[in-house]
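Fair warning: this is a prediction, and the values are worked out from it, not measured in the lab. Position 1 is the first residue of the sequence, and the numbers go up from there.
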Amino acid sequence: MTLLDTPAWRPRTAAAPLLPDPEPYRLLGTPAADGIDPALLGRLYGQLVRGRRFNQQATALTRQGRLAVYPSSTGQEACEIAAALAPRPQDWLFPSYRDTLAVVARGVDPVQALTLLRGDWHTGYDPHEHRVAPLSTPLATQLPHAVGLAHAARLSGDDVAALAMVGDGGTSEGDFHEALNFAAVWRAPVVFLVQNNGFAISVPLAKQTAAPSFAHKAVGYGMPGRLVDGNDVAAVHQVLTEALDRARGGGGPTLVEAVTYRIDAHTNADDATRYREDTEVAAWKAHDPITLLERELTGRGLLDDAARSSAKEAAETMAAALREGMNADPALDPMELFEHVYAEPTQQLTRQAAQLRAELAAEHQS
């Protein structure tokens, strides 16, 4: 027996079946689109229109001082909506800080979804109610959490899968590597969605990775990689649905790269004109996810003026309720600083709480 015959030297899995397609997968505008359920296309369209209006309203609220910051997903709505609709109700969604829209599309109240970005101490919603983990501002830390939940569900025999979202910048974090490695070794029922929008704040993709694509990185972990047009909402929904079905069936994790573009700046504190050209933005605006779906629906006779108006009216109703909710000043209780820190408060925290309570009482009496 030679060294090459020992298990340590043998490939753990065949590489070829794991490789992604050479070009991003597309559905809209192709003959395969004829097989998509018209009801699903209608639902996706309504959510896209609502999502675009949500981004616009949240951005306006930031400029008005009602939000501390807002990372817009304008231009990336197809990824957000598909990620919210592909999982079943019992599955879990693990969003990053830019995925507020996915959280809202999953069913979380828009005001609650924006509470964290307003500057509160908690995430604003009950993660268990909609199976949505807290929005994660630290890059990629939600990925190992998703793997842990999915692995625990598999060990317990629960019919649950997890969908973890991350941006291209998050793939350079150690948590990304650790999550994918553990997920593949454990064959955890989890799907990783990388939204490749071209920039990690101002760092372009070419300075982020030398890999052929993020989807190709899946091969090194022993899982399939899928490359999809991130502005084609039908394609993203199909790819994520297939990956989740595979995960639930015991096939293990999948890494999906959705190629998209961040139309707005990184946040309201960013000046995107310093690192990208207007011509580049204009080219991606011509590949807008709403326009792509409208073209498909119109061509198949599934979208008329009445349907457009209905979608816009529903979006405006949501925006009005969001404005009203965010313009109401929250009732703040400073004593909440000491809640949910430890199951059993430490002596130090107890002393600090007593001190603050006395100071508040003295302030109230003066």
Problem set entry | Point-to-point distance, once rounded to the nearest 0.5 Å, from OG1 of T254 to CZ of R226 | 8.0 Å

Seminar exercise, completed: salt bridge (Lys or Arg N to Asp or Glu O under 4.0 Å) pairs touching residues 182-201, sequence neighbours excluded, are none

For this session: Compare all side-chain heavy atoms of S96 with those of V166 and state whether any distance is below 4.5 angstrom.
Result: no

For this session: Scan side-chain atoms only and decide if Y25 and D232 contain a donor-acceptor pair under the 3.5 Å cut-off.
Result: no

Exercise. Could you go step by step and tell me if H266 and F199 meet the side chain to side chain contact (heavy atoms under 4.5 Å, CB included) rule?
Worked result: CA-CA 9 Å; H266 175 69; F199 292 91; over 6 Å; no

Exercise. Y261, V259: one ILVMFWY side-chain cluster at the under-4.5 Å cut-off?
Worked result: yes

For this session: Check whether any side-chain N or O of D109 sits under 3.5 Å from a backbone N or O of Q112 as a donor-acceptor pair, and report yes or no.
Result: yes

For this session: State plainly whether one hydrophobic cluster holds both L101 and M165, where clusters connect Ile, Leu, Val, Met, Phe, Trp and Tyr through side-chain heavy atoms under 4.5 angstrom apart.
Result: yes

For this session: Indicate yes or no: at least one non-hydrogen side-chain atom of P330 is less than 4.5 angstrom from one of R118.
Result: yes

For this session: Would you please name every residue forming a salt bridge (charged side-chain N to carboxylate O under 4.0 Å, His left out) with R50, sequence neighbours left out?
Result: none

For this session: List for me each residue that meets side-chain hydrogen bond (donor to acceptor under 3.5 Å, both in side chains) alongside R248, sequence neighbours excluded, and say none if there are none.
Result: D91, D245

Exercise. From K312 NZ over to R53 CZ, what is the distance, rounded to the nearest 0.5 angstrom?
Worked result: 11.5 Å

Problem set entry | Sequence neighbours excluded, every pair satisfying side-chain hydrogen bond (donor to acceptor under 3.5 Å, both in side chains) that has a member inside residues 286-296 | Y45-E294, R52-D288, D229-H287

Exercise. Nearest 0.5 Å, what's the CG-OG1 distance between L117 and T100?
Worked result: 5.0 Å

Exercise. Is there a path of hydrophobic side-chain contacts, each under 4.5 Å between heavy atoms of I, L, V, M, F, W or Y residues, that connects L163 with W92?
Worked result: no

For this session: Assess whether atom CZ of R43 is packed by more than 12 heavy atoms of other residues, nucleotides or ligands within 6.0 Å.
Result: no

Exercise. Linking I/L/V/M/F/W/Y whenever any side-chain heavy atoms sit under 4.5 Å apart, do F192 and V228 land together?
Worked result: no

Exercise. Would you call V194 and L255 a side-chain contact if the rule is heavy atoms closer than 4.5 Å?
Worked result: yes

Problem set entry | Approximate separation, where rounding is to 0.5 Å, of L93 CG and R131 CZ | 12.5 Å

For this session: Could you list the residues that satisfy ring-ring contact (aromatic ring centres under 6.0 Å, His included) with Y125, not counting sequence neighbours?
Result: none

Exercise. Yes or no on side chain to side chain contact (heavy atoms under 4.5 Å, CB included) for L293 and L303, after CA distance, side-chain angles and deciding distance?
Worked result: CA-CA 10 Å; L293 185 52; L303 183 66; over 6 Å; no

For this session: Walk me through it: do T260 and N231 pass the test side-chain hydrogen bond (donor to acceptor under 3.5 Å, both in side chains)?
Result: CA-CA 6 Å; T260 183; N231 286 18; 2.7 Å; yes

Exercise. Passes side chain to side chain contact (heavy atoms under 4.5 Å, CB included), T62 versus V69? Steps please.
Worked result: CA-CA 6 Å; T62 307; V69 65; 5.5 Å; no

For this session: Would you mind listing every side-chain hydrogen bond (donor to acceptor under 3.5 Å, both in side chains) that reaches into residues 162-185, with sequence neighbours excluded?
Result: S172-Q208, H177-Y221

Problem set entry | CZ/F182: more than 12 non-hydrogen atoms of other groups inside 6.0 Å | no

Seminar exercise, completed: For F338, the ring-ring contact (aromatic ring centres under 6.0 Å, His included) test, sequence neighbours excluded, returns none

Problem set entry | Student check: side-chain heavy atoms of K217 and T209 closer than 4.5 Å | yes

Problem set entry | Residue pair R63 / N268, side-chain heavy-atom distance below 4.5 Å | no

For this session: First locate atom CD1 of I36, then atom CG of L27, and finally report the distance between them rounded to the nearest 0.5 Å.
Result: 4.5 Å

For this session: Spell out, as yes or no, whether a donor-acceptor pair under 3.5 Å connects the side chain of T346 to the backbone of L349.
Result: yes

Exercise. If we only count heavy atoms from C-beta on, is the P127 to V132 side-chain gap below 4.5 Å?
Worked result: no

Exercise. With Q355, which residues qualify under side-chain hydrogen bond (donor to acceptor under 3.5 Å, both in side chains), at least two apart?
Worked result: E359

Problem set entry | Selection residues 265-287 - residue pairs positive for salt bridge (Lys or Arg N to Asp or Glu O under 4.0 Å), sequence neighbours left out | R262-D270

Exercise. Pairs in or reaching into residues 313-336: which pass ring pair (Phe, Tyr, Trp, His ring centres under 6.0 Å), with residues at least two apart or in two chains?
Worked result: none

Exercise. Quick one: does P38's side chain get under 4.5 Å of R300's, heavy atoms only?
Worked result: yes

Exercise. Is there a donor in the side chain of D264 and an acceptor in the side chain of T74, or the other way round, less than 3.5 Å apart?
Worked result: yes

Exercise. L227, L18: one ILVMFWY side-chain cluster at the under-4.5 Å cut-off?
Worked result: no

Problem set entry | Of all pairs that satisfy ring pair (Phe, Tyr, Trp, His ring centres under 6.0 Å), the ones with a partner from residues 143-174, not counting sequence neighbours | H151-W186

Exercise. What is the distance from atom CZ of R88 to atom CG of D159, rounded to the nearest 0.5 Å?
Worked result: 4.0 Å

Exercise. Do any N or O atoms from the side chain of T59 and from the backbone of N55 form a donor-acceptor pair under 3.5 angstrom?
Worked result: yes

Exercise. Which pairs pass side-chain hydrogen bond (donor to acceptor under 3.5 Å, both in side chains) with one or both residues in residues 331-340, sequence neighbours excluded?
Worked result: W121-E336

Problem set entry | Side-chain donor or acceptor of Y70 paired with backbone N/O of L114 under 3.5 Å | no

Exercise. Does the side chain of V233 reach to within under 4.5 Å of the side chain of P289, using non-hydrogen atoms?
Worked result: no

